[in-house]
Amino acid sequence: MFALADGNNFYASCERVFQPKLEGQPIVVLSNNDGCVVARSEEAKALGIAMGVPEFQIRDQIRKDGIRVFSSNYTLYGDMSNRMMTVLSSMAPAHEIYSIDECFLDFTGISEPEKHASLTRDKTKQWTGIPVTIGIGETKVLAKAANRLAKIHRREFGVLQLTAENREQWLAQLPIDKVWGIGRAHSARLIARGIKTALDFAFHDKGEVRKSMGVVGERMVWELQGVSCLGLEEIQPNKKQIICAKSFGHPLCKLSEIEEALACYTDRVGEKLRAQGSVCGAMQVFLETNAHRKDHRQYCPQVTTTIPEATSYSPALIATALGLLRKIWKPGFLYKKVGVGLLELTETVQTDLFAHVANPVAKSRIQEVVDKLEGRVRWGSMGFDEDWKLKAERRSNRWTTELTELPIVRA
DNA sequence: TCTGGGGTCCTAGGACCC
DNA sequence: TCTGGGGTCCTAGGACCC
């Protein structure tokens, strides 16, 4: 038995925890660079604000309807996520953190699953301030479906269990495109063939599904029928690639500015790489112009190289990245984004037979010290101006992680 | 003027091996 | 004239997730 718990309108709910006066008000949270809407409170959804819509397109409505707008505050959301996961995981023998706001729980052997889920929900709300919805089913896909259905039909309870008895009745109410694993492309094809609901899909011919959707599709059908194919993954495996790519606050054309941004992004992926104890054996760097500007010349080059002696040492990574950038950068374009990807991550270094003798121990000691200083020193190539920095003009305080931004209570 | 970021898995096809 | 069988590795592209 699986349960899936997820935070309702997670980012918007995080904003409310430390600003309770926002309760009942329409809230939206914007993507990086204050670009698009990535989270909405129920009130904002009711006003017709669509997911993913660019902020500038709804500026009039924001003013007219008094919608509160926030830049994304990932420091806060990450910390709130940790708190939420701590409470959720305490309510089951095993769990899998699936995303920043979702967690699968092992509910096997729990005698009254719905009651236990309600308890879990109350506790999470009380201890963290985050409202959650919990779906329960015999497979992960069914738990996901139950969660979805609870949001639509059981908002006041926030809990729903699919059982062998009520399953078909509920699945008939779930549109096919809301099934976990069925995206835009597949749902369009399925609807064209008359498969409109999760129930239709659950009874669709498996051979045919296998042919058109591969093994992934067939697994979905089995799972909808109550046969578990996807297990709980309690330990999250190391990342196979780590990417950092961000739009600039304004378009850049000078190589030197882009170099500084890229050096910063590379240092960041390096940190993540070391955090999981890996080294990287290949790297990709790419540049993008603004695809929305049809009147501008477009240029989106990308280059990949192998790193003969896999490393996690930031200066080495940065040197490689800057070398790749210089290969693809051309003057005369307005660049909007630069990105770096670390690929071929492993946990062991194959030393280069023909390389000069370096001193890897000394390098890692330097890196250790720099990591310990947590951003108080920086590599020279990262620069100091950060003119390219992305916009975050309406970010709320980092209430839980910065001493200078703690909430103040007057009593 | 302004349009996000970061991942995974699967499949098909080509190149190559014995 | 006839032209096998079994396998691996890599890459690109598609589809999906949050």
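The analysis underlying the following values was restricted to heavy atoms, covering all of them including side chains, and did not include hydrogens, waters or symmetry mates. Each chain gets a letter, A, B and so on, in the order the sequences are listed, and its residues count up from 1.
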Of all the choices, [options], which nucleotide is nearest to the side chain of [X] once you look at every atom?
X: A/Lys337; options: B/dG5, B/dG6, B/dG4; value: B/dG5
X: A/Lys239; options: B/dG4, B/dC10, B/dG7; value: B/dG7
X: A/Lys240; options: B/dC2, B/dC9, B/dC10; value: B/dC9
X: A/Asn32; options: B/dG6, B/dG5, C/dC18; value: B/dG5
X: A/Asp101; options: B/dT3, B/dG7, C/dC18; value: C/dC18
X: A/Cys244; options: B/dG6, C/dC17, B/dT3; value: B/dG6
X: A/His186; options: C/dC16, B/dG6, C/dC18; value: C/dC16
X: A/Val216; options: C/dC18, B/dG6, B/dC10; value: B/dC10
X: A/Phe56; options: C/dC18, B/dG6, B/dT3; value: B/dT3

Establish, for the pair [X] and [Y], whether the NZ or CZ atom is under 6.0 angstrom from the six-membered ring centre and no further than 45 degrees off its axis.
X: A/Arg40; Y: A/Tyr11; value: no
X: A/Lys330; Y: A/Tyr299; value: yes
X: A/Arg297; Y: A/Phe333; value: yes

How long is the line joining [atom1] of [X] and [atom2] of [N], in whole Å?
X: A/Lys391; N: B/dT3; atom1: NZ; atom2: P; value: 7 Å
X: A/Asp6; N: C/dC17; atom1: CG; atom2: P; value: 14 Å
X: A/His292; N: B/dG4; atom1: NE2; atom2: C1'; value: 10 Å
X: A/His296; N: B/dC2; atom1: NE2; atom2: P; value: 8 Å
X: A/Ile62; N: B/dC2; atom1: CD1; atom2: P; value: 17 Å
X: A/Glu223; N: C/dC17; atom1: CD; atom2: C1'; value: 15 Å

Residue closer to the 5' end of DNA chain B, A/Val215 versus A/Arg293 (nearest nucleotide):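 Its nucleotide being nearer the 5' end, the pick is A/Arg293.
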Closest-nucleotide ordering on DNA chain B, the 5'-leading residue of A/Ser247 and A/Gln241: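 Its nearest nucleotide lies further toward 5', so the answer is A/Ser247.
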Same-atom distance (P) from C/dC18 to B/dT3, integer angstrom: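 To the nearest whole Å, 25 Å.
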Secondary-structure stems for DNA chain B, with pairs counted as Watson-Crick or G-U when both distances are under 3.5 Å and runs at least 3 long: B:5-18 with C:5-18
Sugar-phosphate only, base, or nothing, as touched by A/Ile182 at under 4.0 Å among non-hydrogen atoms: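 A/Ile182: backbone/sugar contact only, no base atoms under 4.0 Å.
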Ring centroids only, cut at 6.0 angstrom: are [X] and [Y] within range, meaning strictly under it?
X: A/Phe104; Y: A/Trp180; result: yes
X: A/Trp170; Y: A/His153; result: yes
X: A/Tyr335; Y: A/Trp388; result: no

